[in-house]
Amino acid sequence: MTAETVSGRSCGTCTLCCHLPEIDVLSKPANAMCSNCIEGKGCTIYPDRPSLCRDFHCLWTRDGRLGDEWNPARSHMMLYEQGPQTTVLVDPDFPEIWKQEPYLTQMRRWAAEGKAVGRYVIVFVGDQVTKIG
Ligand code: SF4
Ligand code: SF4
């Protein structure tokens, strides 16, 4: 936990960010569990994990405006921001969950609110990419 994260929010047994994103420095493809991770237990090289992993905190852990429904362990989605883009990586085992409520309405609202300043929301489910707006 760092000063950047929301008080009371921790990863617990969630390992979604060790599973969904492509991580070049680890030669890890998207949607494959990192070979250093034991699901439900976590990183086996935790003290020596790359700085990329060390510095990463998904949006739910960093932004208190996201309610607990966005807890990745519950939503099966992992969110982060890249410049003007809010990226939503969906666990392919739950490919339709982003279309369910309250998620879709909230993402549409973020897109509408951010449009004036060039912000947008992109949802990835495996190879399927959807821009919300
Ligand atoms: S996706 Fe978020 S809550 Fe889950 S392990 Fe990664 S940083 Fe923690
Ligand atoms: S090295 Fe550790 S923290 Fe980084 S993706 Fe792999 S299991 Fe997760």
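In what follows, residues are counted from 1 in the order of the sequence shown. Both ligands and their constituent atoms are indexed starting at 1 by order of listing.
The shortest distance between side-chain heavy atoms of Leu79 and Trp110 falls below 4.5 Å. Side-chain contact between His19 and Cys37: absent, with no pair of heavy atoms (C-beta onward) separated by less than 4.5 Å.
Only side-chain heavy atoms of Ile23 come within less than 4.0 Å of ligand 2; its backbone N, CA, C and O stay farther off. If you look at Thr15 next to ligand 2, there are no close heavy atoms at all, none under 4.0 Å.
By the 6.0 Å and 45° rule, Lys115 does not stack over the aromatic ring of Tyr120.
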- prompt: Does the side-chain hydrogen bond (donor to acceptor under 3.5 Å, both in side chains) test come out yes or no for Gln106 and Glu101, once each step is laid out?
  reply: CA-CA 8 Å; Gln106 289 191 45; Glu101 298 299 350; over 6 Å; no
| request: Decide yes or no on side-chain contact (heavy atoms from CB on, under 4.5 Å) for Leu89 and Val125, but give the supporting numbers first. | output: CA-CA 6 Å; Leu89 301 186; Val125 187; over 6 Å; no
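Not one N/O/S atom of Cys58, from backbone or side chain, sits under 2.8 Å from atom 4 (Fe) of ligand 1. Backbone or side-chain N, O or S atoms of Cys43 reach atom 2 (Fe) of ligand 2 at under 2.8 Å. Atom 6 (Fe) of ligand 2 lies under 2.8 Å from an N, O or S atom belonging to Cys34.
Atoms of ligand 2 lying under 4.0 Å from any heavy atom of Cys37, numbered from 1 in the order shown and given with element: 7 (S). For ligand 2, the atoms sitting less than 4.0 Å from at least one non-hydrogen atom of Leu26 are 1 (S), 4 (Fe), 5 (S), 6 (Fe), numbered in the order shown with element in parentheses. Heavy-atom proximity to Cys53, at under 4.0 Å, picks out these atoms of ligand 2: 1 (S), 3 (S), 4 (Fe), 5 (S). When each atom of ligand 2 is checked for a heavy atom of Cys18 under 4.0 Å away, the hits are 3 (S), 5 (S), 7 (S), 8 (Fe).
Among all protein heavy atoms, the one lying closest to atom 8 (Fe) of ligand 1 is Cys11 SG, 2.3 Å. Among protein heavy atoms, the minimum distance from atom 6 (Fe) of ligand 1 is reached at Cys17 SG, 2.3 Å. For atom 4 (Fe) of ligand 1, the nearest non-hydrogen atom of the protein is Cys14 SG, 2.4 Å.
Residues Leu26 and Cys53 come closest through the heavy atom pair CD1-SG, 4.1 Å.
The residues Glu81 and Arg119 are annotated as salt-bridged, a charged nitrogen and a carboxylate oxygen being separated by less than 4.0 angstrom.
Between Tyr103 and Trp70, the angle of the ring planes goes over 60°, which puts this pair in the perpendicular group of the 30/60° scheme.
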